[in-house]
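Heads up: the structure comes next, in structure tokens.
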Amino acid sequence: MSPSPDVVMDRRSVPAVAAPAAAAAAGEPARVIPAHADRALVEVLTPLRDRPFLLVQPGGNWGDFLIYRGLEHLADVLGLRWTATTFEDLPQAAITPDHVVYVHGSGGLNRWSSPRAIDGLRLALESPGRTVIQGPCTVEADADFARDLAAAMVRAAAGKEFHFFAREHVTHDLMAPVTAGAALHLNDDTAFYMPGSVLLQHRPRRTTYNLLALRRDPEAPDTRQGTLRGWVRLDPAYFGRSFGHWVEMHARARRIITNRTHSTIAGCILGAPTTMLGNAYHKNRSIWEYSLARRGVAWGSLDDYDLRPREAFPGATRLQKSSWKMSLLVHWLQGVPVA
């Protein structure tokens, strides 16, 4: 599967921007987004482009930065004036009524994750900004939780223009009956607005290994050990030392099998044949059905694979468990970038 072609956005809904060739001639990155990206978010942002935007990062792992970078790329394509802040710094941000406060999407609207995603949205709705946008997100599939979340949001949004974006049908359908007073939309995860060429900073992609990227947190559906013969197994969210390092780990993969949402999306964007596995709730399957199946990503189960002990050399598994430095060495020997 090759990366989606980069195309200039539809001029009917987007202000004129530099075409790729013209931008390259001017020494600037092309202001483009991938083909087939959803337009619902574009249609909401475009009429607001004369107002200042504050983009709020609710926090997460390195994969969540792909959400942020995709939206920032789209904001630049649309010519938005934006600054970024974190959930922690939001209460001190200089926000005026003219501001559009945009909270990046995440999978954190549930009862087991850090409360930062919920608290970030609450703080945005309590800010002076008269327009608040919750970026494409996933909500826990529990009707009572969704009802209580929506009720709190709608109360806090009184007198404001409030847009809530789901990134898959389960969340959209769950929130539809309970979000009266808010504008509910359905749109791809904003990571899909990032072209693969821009993600790679226009460098060629050199592949050296197959990547089994399995999560090791409460969303992991099981804790089975082992890997596939000839594959590297790691959790990029834990092994990554920066966003650039996280990207490079995926860029060097010939193939990717993963239950990490944004490892799947990174593989899709970069053109690596990618298989998505389930996680502990509906998020992965729902995003795959809405956004990834039509982009050529396969769906699979860990039960489909014969996991073998992880030994790059005799004793490596035991040493990896007891030493972070040994783990770095083993992965380096397998061709994984270590910084």
### Message
How long is the straight-line distance from CZ of Arg294 back to NE2 of His36, given to the nearest 0.5 Å?
### Response
9.0 Å
### Task
For Arg116, check side chain to side chain contact (heavy atoms under 4.5 Å, CB included) against everything at least two apart and list the hits.
Phe87, Glu88, Ser114
#### Entry: Residues in side chain to side chain contact (heavy atoms under 4.5 Å, CB included) contact with Asn210, at least two apart in sequence or another chain
Trp231, Arg254, Arg255
### Message
Between Arg49 (side chain only) and Thr46 (backbone N and O only), is there a donor and an acceptor less than 3.5 Å apart?
### Response
yes
### Residues which pass side-chain hydrogen bond (donor to acceptor under 3.5 Å, both in side chains) with Asn259, listed by chain and number, not counting sequence neighbours
none
### Task
Could you list the residues that satisfy ring pair (Phe, Tyr, Trp, His ring centres under 6.0 Å) with His250, not counting sequence neighbours?
Trp246
#### Entry: salt bridge (charged side-chain N to carboxylate O under 4.0 Å, His left out) contacts touching residues 121-136 (sequence neighbours left out)
Asp98-Arg130, Asp119-Arg122, Arg122-Glu126
### Query
Do Val297 and Thr275 touch side chain to side chain, with heavy atoms closer than 4.5 Å?
no
### Task
Would you confirm whether Thr274, through its side chain, and Ala272, through its main-chain N or O, come within 3.5 Å as a donor-acceptor pair?
yes
### Query
Taking the six-membered ring for Trp, are Tyr102 and Trp82 ring centroids under 6.0 Å apart?
no
#### Entry: Closest non-hydrogen atom pair between Leu174 and Ala141, with its separation
CD2-CA, 3.8 Å
### Query
Any link between Val101 and Phe53 through a network of hydrophobic side chains (Ile, Leu, Val, Met, Phe, Trp, Tyr) touching at under 4.5 Å?
no
### Query
Looking only at heavy atoms, which two atoms of Tyr238 and Arg260 are closest? And how far apart?
CE1-NH2, 3.7 Å
### Donor-acceptor contact below 3.5 Å, side chain Arg203 vs main chain Leu200
yes
### Task
State, with a plain yes or no, whether a side-chain heavy atom of Leu214 is found less than 4.5 Å away from one of Leu302.
yes
### Query
Is it true that a side-chain atom of His282 and a backbone atom of Val139 form a donor plus acceptor pair closer than 3.5 Å?
yes
### Message
Do Met249 and Pro337 have side chains that approach each other closer than 4.5 Å (heavy atoms only, starting at C-beta)?
### Response
yes
### Message
Tell me which pairs pass salt bridge (charged side-chain N to carboxylate O under 4.0 Å, His left out) where either residue lies in residues 296-305, with sequence neighbours left out.
### Response
Arg224-Asp303
### Task
To the nearest 0.5 Å, tell me how far Leu45 CG sits from Leu71 CG.
7.0 Å
### Query
Closest heavy-atom contact between Ile95 and Ser127?
CD1-CB, 3.8 Å
### Task
Measure the spacing between CZ of Arg51 and CG of Leu80 and express it to the nearest 0.5 Å.
11.5 Å
### Query
Are any of the side-chain heavy atoms of Ser286 and Thr138 separated by less than 4.5 Å?
no
#### Entry: Linked, directly or transitively: Phe164 and Val44 (ILVMFWY side chains, under 4.5 Å)
no
### Message
Measuring from atom NZ of Lys283 to atom SG of Cys137, what distance do you get when rounded to the nearest 0.5 angstrom?
### Response
11.5 Å
### Query
Considering all heavy atoms of both residues, which atom of Asp89 and which atom of Thr85 are nearest to each other, and what is their separation?
CB-OG1, 3.4 Å
#### Entry: Note: Asp148-Arg111 ion pair, threshold 4.0 Å (strictly below)
no
## Note on the structure
Minimal heavy-atom distance between Ala117 and Pro58, with the atoms involved, is CA-CB, 4.0 Å
### Query
Does some side-chain heavy atom of Leu90 sit less than 4.5 Å from a side-chain heavy atom of Val103?
no
### Message
Connecting only ILVMFWY residues whose side-chain heavy atoms lie within less than 4.5 Å of each other, what is the rest of Tyr290's hydrophobic cluster?
### Response
Leu186
### Task
Assess whether side-chain contact (heavy atoms from CB on, under 4.5 Å) is satisfied between Thr171 and Leu109, documenting all intermediate values.
CA-CA 10 Å; Thr171 293; Leu109 298 179; over 6 Å; no
### Working for side-chain contact (heavy atoms from CB on, under 4.5 Å), residues Leu149 and Val178
CA-CA 9 Å; Leu149 174 67; Val178 294; over 6 Å; no
### Least distance between heavy atoms, Gly267 atom then Ile256 atom
CA-CD1, 3.7 Å
### Query
Is the side chain of Ser113 donor-acceptor paired with the backbone N or O of Gly108 at a distance under 3.5 Å, no angle test?
no
### Message
Run Leu212 and Tyr305 through side-chain contact (heavy atoms from CB on, under 4.5 Å) and show every step you take.
### Response
CA-CA 11 Å; Leu212 181 62; Tyr305 303 101; over 6 Å; no
### Query
With Ala37, which residues qualify under side chain to side chain contact (heavy atoms under 4.5 Å, CB included), at least two apart?
Ile33, Tyr193
### Message
For residues 158-184, which residue pairs pass the salt bridge (charged side-chain N to carboxylate O under 4.0 Å, His left out) check, not counting sequence neighbours?
### Response
Arg167-Asp189
### Query
Does a side-chain heavy-atom distance below 4.5 Å link Pro128 with His99?
no
### Query
Which ring pair (Phe, Tyr, Trp, His ring centres under 6.0 Å) pairs, counting each pair once, include a residue from residues 136-163, with sequence neighbours left out?
His163-His185
### Query
Out of curiosity, does Trp299 fall in the hydrophobic cluster containing Phe192 (side-chain heavy atoms, cut-off under 4.5 Å, transitive links)?
yes
### Task
Report yes or no: do Leu184 and Met153 belong to one cluster of Ile/Leu/Val/Met/Phe/Trp/Tyr joined by side chain heavy-atom distances under 4.5 Å?
yes
### Backbone N/O of Asp50 and side chain of Arg81: donor-acceptor pair under 3.5 Å
yes
### Message
What verdict does the side-chain contact (heavy atoms from CB on, under 4.5 Å) test give for Thr264 and Asn284, after you've listed the backbone C-alpha separation in whole Å, the side-chain angles of each residue and the deciding distance to 0.1 Å?
### Response
CA-CA 9 Å; Thr264 308; Asn284 281 9; 5.7 Å; no
### Message
Has Thr190 got a side-chain atom pairing as donor or acceptor with Ile67's backbone, closer than 3.5 angstrom?
### Response
yes
### Query
So do the side chains of Leu123 and Pro91 get within less than 4.5 Å of each other, counting heavy atoms only?
yes
### Message
Quick check against the 3.5 Å criterion: does Arg205 have a side-chain atom that pairs as donor or acceptor with the backbone of Ala251?
### Response
yes
### Task
Output all residues satisfying salt bridge (Lys or Arg N to Asp or Glu O under 4.0 Å) with Arg229, sequence neighbours left out; order by chain, then residue number.
none
### Task
Find out if a path of hydrophobic residues (ILVMFWY) with successive side-chain heavy-atom gaps under 4.5 Å connects Leu121 to Met175.
yes
#### Entry: Partner residues of Ala40 under the side chain to side chain contact (heavy atoms under 4.5 Å, CB included) criterion, sequence neighbours left out
Phe165, Asn187
### Message
How long is the straight-line distance from NE2 of His169 back to OG of Ser291, given to the nearest 0.5 Å?
### Response
9.0 Å
### Query
In Å, rounded to the nearest 0.5 Å, how long is the span from CG of Leu234 to CZ of Arg216?
10.0 Å
### Query
So do Phe243 and Tyr68 actually touch side chain to side chain, heavy atoms under 4.5 Å?
no
